[in-house]
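Everything on this sheet refers to the single structure shown next.
If you're wondering where the values come from, they're calculated on a predicted model, not measured in any experiment. Letters A, B, ... mirror the listed sequences (proteins, then strands); counts begin at 1.
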Amino acid sequence: MSDNRSIVFFDLEATGLDTDVCDIIQLSAVCGKRVFNAYILPTRELTASAKQVTGFTVSGGKLFRDGVPTSTVPLADALASFLDFLRSFAGPVRLAAHSATRFDAPVLTRVMRRLKLLPEFQRLVSGYVDTFPLAKNLFRLSSYSQQNMVRHFLGKSYDAHNAVADATMLQELFNHWNPSAQAVQRATFSTCVF
DNA sequence: TGCCAGGCCCTCTTTAGGGCCTT
């Protein structure tokens, strides 16, 4: 049994898959029953596939999800609130996401750096846990997508690509797996490598 | 068709190519 009290599960929805340029649209995090969520109005257009996958659109300077208007905050405010959320835990936390090293970590690091928040972020976050290699090391499956694994292990379908639901389901998956501390350590990466 | 992300992993590999995973 690993000590997962310090693991915060998070997820980003963004304007596309290019980690060098995409804008964050939704930033969510879950730890136990504590939930963080923020929507941000993007400055660049969503790719066609991002629109299709996430259901987000921008019209008239407003953000919509599945056609429903959504309240947004400036990116700097969202990140400051996120840091406040992380600061509320005792000691540095680990941030867990599915394919964190391929997508979420480089994007989050880039925007933190751009807004000169990276030193504080790195003070609050000791590392990233990537649940994709974690799952590959633990199980032999035909698919390691989060949606497939939620179906396989939890027998559930859910509102995938809503970042709150994705982070919540990831936490549930992790708790179901109950991985050893050694297994989690093997799937943990420093915040300094992005 | 002009472009469309990219790095890891696997294998019918290594002088390569295709699928996966995230939006």
Without decimals, in angstroms, what is the distance between [X] [atom1] and [N] [atom2]?
X        : N      : atom1 : atom2 : answer
A/Asp104 : B/dT23 : CG    : C1'   : 9 Å
A/Gln147 : B/dC20 : CD    : P     : 15 Å
A/Asp130 : B/dC8  : CG    : P     : 12 Å
A/Phe189 : B/dG7  : CZ    : C1'   : 13 Å
A/His98  : B/dC21 : NE2   : P     : 7 Å

Check nucleotides 2-6 of chain B for protein N or O atoms closer than 3.5 Å to its own N or O atoms and list the pairs.
{"unit_1": "B/dG6", "atom_1": "N2", "unit_2": "A/Arg102", "atom_2": "NE", "d": "3.2"}
{"unit_1": "B/dG6", "atom_1": "N2", "unit_2": "A/Arg102", "atom_2": "NH2", "d": "3.2"}
{"unit_1": "B/dG6", "atom_1": "N3", "unit_2": "A/Arg102", "atom_2": "NH2", "d": "2.8"}

Can you pull out every ring pair (Phe, Tyr, Trp, His ring centres under 6.0 Å) where at least one residue sits in [range]? Sequence neighbours excluded, please.
range                       : result
residues 42-72 of chain A   : none
residues 108-128 of chain A : A/Tyr128-A/Phe194
residues 95-120 of chain A  : A/His98-A/Phe132

Atom pairs under 3.5 Å: protein N/O with N/O of nucleotides 10-13 of chain B:
none

Determine the contact category for A/Ala50: base if any of its heavy atoms lies under 4.0 Å from a base atom, sugar-phosphate if only primed atoms, P, OP1 or OP2 are that close, otherwise nothing.
->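 Result for A/Ala50 = base.
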Reckon A/Ile25 touches a base, only the sugar-phosphate, or nothing at all at heavy-atom distances under 4.0 Å?
->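 A/Ile25: no heavy atom of the nucleic acid under 4.0 Å.
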Nearest-Å distance once atom [atom1] is located in both [N] and [M]:
N      : M      : atom1 : result
B/dC20 : B/dC3  : P     : 24 Å
B/dT14 : B/dC8  : C1'   : 16 Å
B/dG6  : B/dC12 : P     : 28 Å
B/dC4  : B/dG18 : P     : 16 Å
B/dA5  : B/dT23 : C1'   : 10 Å
B/dT22 : B/dT15 : P     : 32 Å

For A/Thr15, all residues meeting side chain to side chain donor-acceptor pair (under 3.5 Å), sequence neighbours excluded =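 By the side chain to side chain donor-acceptor pair (under 3.5 Å) rule, A/Thr15 matches no residue at all.
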Listed partners of [X] passing side-chain contact (heavy atoms from CB on, under 4.5 Å), at least two apart:
X        : answer
A/Ala50  : A/Leu46, A/Thr47
A/Ala160 : A/Gln147, A/Tyr158, A/Asp166
A/Asp18  : A/Asp20, A/Val21

Nucleic acid contacts - residues 148-164 of chain A versus DNA chain B, non-hydrogen atoms under 4.0 Å |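 Close to the strand are A/His161.
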For residues 22-33 of chain A, dump all side-chain donor-acceptor pairs below 3.5 Å to protein atoms at least two apart in sequence or in another chain.
{"unit_1": "A/Asp23", "atom_1": "OD2", "unit_2": "A/Thr43", "atom_2": "N", "d": "2.6"}
{"unit_1": "A/Asp23", "atom_1": "OD2", "unit_2": "A/Thr43", "atom_2": "OG1", "d": "2.5"}
{"unit_1": "A/Asp23", "atom_1": "OD2", "unit_2": "A/Arg44", "atom_2": "N", "d": "3.3"}
{"unit_1": "A/Gln26", "atom_1": "OE1", "unit_2": "A/Ala163", "atom_2": "N", "d": "3.1"}
{"unit_1": "A/Gln26", "atom_1": "NE2", "unit_2": "A/Asn37", "atom_2": "OD1", "d": "3.0"}
{"unit_1": "A/Gln26", "atom_1": "NE2", "unit_2": "A/Tyr39", "atom_2": "OH", "d": "3.3"}
{"unit_1": "A/Gln26", "atom_1": "NE2", "unit_2": "A/Asn162", "atom_2": "OD1", "d": "3.3"}
{"unit_1": "A/Ser28", "atom_1": "OG", "unit_2": "A/Asn37", "atom_2": "OD1", "d": "2.5"}
{"unit_1": "A/Ser28", "atom_1": "OG", "unit_2": "A/Val164", "atom_2": "N", "d": "3.3"}

Can you label the angle between the A/Phe85 ring and the A/Phe82 ring as parallel, tilted or perpendicular, going by 30° and 60°?
->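 Judged by the thresholds at 30° and 60°, the geometry between A/Phe85 and A/Phe82 is parallel.
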Which residue pairs pass the side chain to side chain donor-acceptor pair (under 3.5 Å) test with at least one member in residues 52-73 of chain A, sequence neighbours excluded?
->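 Residue pairs passing side chain to side chain donor-acceptor pair (under 3.5 Å), neighbours aside: A/Arg65-A/Asp159.
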Do the side chain of A/Asn137 and the main chain of A/Pro133 share a donor and acceptor less than 3.5 angstrom apart?
->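 Checking the backbone N and O of A/Pro133 against the side chain of A/Asn137, a donor-acceptor pair under 3.5 Å is found.
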Check the side chains of A/Ser126 and A/Arg94 for a donor-acceptor pair under 3.5 angstrom, ignoring hydrogens and angles.
->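 A/Arg94 vs A/Ser126: no donor-acceptor pair found between side chains.
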